[in-house]
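Residue indices begin at 1 and follow the sequence shown. Excluded from the calculations below are hydrogen atoms, water molecules and symmetry mates; all remaining heavy atoms, backbone and side chain alike, are included.
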Amino acid sequence: MTQLTPGPRDLRPSLLDAALTAATCGWPVFPLLPGQKRPALHGEDQCTNTGPCAAGHAKWEQRATTGRAAIVRCWTHKPYNVGIATGPAGLVVVDLDQPKANSRSDAPDGAATFKALCERAGQAVPATYRVRTPSGGQHLYFTAPAGLRLGNTAGRLGPLIDTRAHGGYVVAPGSNTPTGTYEVIDPAPVVELPTWISGLLDPPKPAARVLSLRLPAVSGSLAANAALERECDLVRTAPPKQANNTLNRCAFKVGRFVAWGDIPRHQVEEAFQAAGEVRGLTAAECRATIRSALDSSIRQARPRETA
């Protein structure tokens, strides 16, 4: 009797379940490319301004939904991975990465660094909903503090620790990549982000020093913010094969403003990190490229010409 060779496993039912499970938690979802971490939705340069984009191009954060009908329609079409839009979901996700293979063998991973951070603060590692990533990293889910709008950060809490909030997303458990599956390892209820962590992510703003206000500094700051916004837009819309080169070039251009003291380096790094990941680069690729570009730009920056 001839035995039939089974075909490739259809992941659509399990991924549909993953999308519906996230939506049941009140977390808006959107499709990622099958087997990948990049959004599957079209970019602004390909927008036809029809359907969900009839009133203007809608990005993945705007199109994320908890609607059952839309989710079933999407995830029965293709085995899309599932993205959770952390901002609309009211989440802050702490991403604990693993060191890369070519890094120092004794370098601690993000989980060890986060544990040490908690110990220094005299706090226990929070018990909350936790997901293991295919690389061996972890995602810790928290609800965002009321009245505080947090964005994405890269390395602010420590090496190999990123956070995703407004403007960011995470890959939902149940999604698959060639290296493995995102799996829930602690189904504990999602707790609110501890105040001591939110304080590190959103430090108090220094009081304005009105008496020391100088027009060149204000002008420089405005120019720096405009340049950062412009260059991040270029990164987000770059052709996929040119994404890393574009990120390097754009970060280098903005580096001079950091050298002149017009804009904090961490603000530039976080903005480019988010733009690069939206374009499809990995978190590690973004960090390495941004760091190298800014270091080089700051080193080569010429003194600002004054009138």
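- Between the side chains of R130 and Q138, at least one donor N or O sits under 3.5 Å from an acceptor N or O.
- Rounding to the nearest 0.5 angstrom, the gap separating the CZ atom in R302 from the CZ atom in R256 is 11.0 Å.
- The backbone N or O of Q242 sits less than 3.5 Å from a side-chain atom of T246, completing a donor-acceptor pair.
- Between F30 and Y169, the gap from one ring centroid to the other is short of 6.0 Å.
- Put simply, the side chain of T65 gets close to the backbone of G67: a donor and an acceptor are under 3.5 Å apart.
- Ring geometry for Y141 against H139 counts as tilted: the plane angle lies between 30° and 60°, on a 0 to 90° scale.
- Y80 and W75 have perpendicular rings, their planes meeting at more than 60° on a 0 to 90° scale where under 30° would count as parallel.
- In this structure, D186 contributes its side chain and V131 its backbone to no donor-acceptor pair below 3.5 Å.
- Classification of R287 and D97 as a salt-bridged pair holds, one side-chain N sitting under 4.0 Å from a carboxylate O.
- Under the 4.0 Å criterion applied to side-chain N and carboxylate O atoms, D162 and R156 are not assigned as salt-bridge partners.
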Intermediate values then yes/no, side-chain contact (heavy atoms from CB on, under 4.5 Å), I263 and V268: CA-CA 7 Å; I263 191 169; V268 174; 3.7 Å; yes
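- Tracing side-chain contacts under 4.5 Å through hydrophobic residues (I, L, V, M, F, W, Y), one reaches W60 starting from V82; they form part of the same cluster.
- T289 and N244 form a side-chain donor-acceptor contact under 3.5 Å, judged by distance and modelled atom types alone.
- With hydrogens and angles disregarded, a donor-acceptor distance shorter than 3.5 Å links the side chain of Q98 to the backbone of G136.
- Residues R265 and E270 are not paired through a salt bridge, judged by the lack of any N-O separation under 4.0 Å between the basic side chain and the carboxylate.
- Taking 4.0 Å as the cut-off between side-chain N and carboxylate O, R230 and D233 do not count as a salt-bridged pair.
- Under the 3.5 Å distance criterion, the side-chain polar atoms of Q62 are matched with a main-chain donor or acceptor of K59.
- Side chain of T113 to backbone of D109: a donor-acceptor contact under 3.5 angstrom is found.
- In this structure, a donor-acceptor pair under 3.5 Å is present between the side chains of S296 and Q300.
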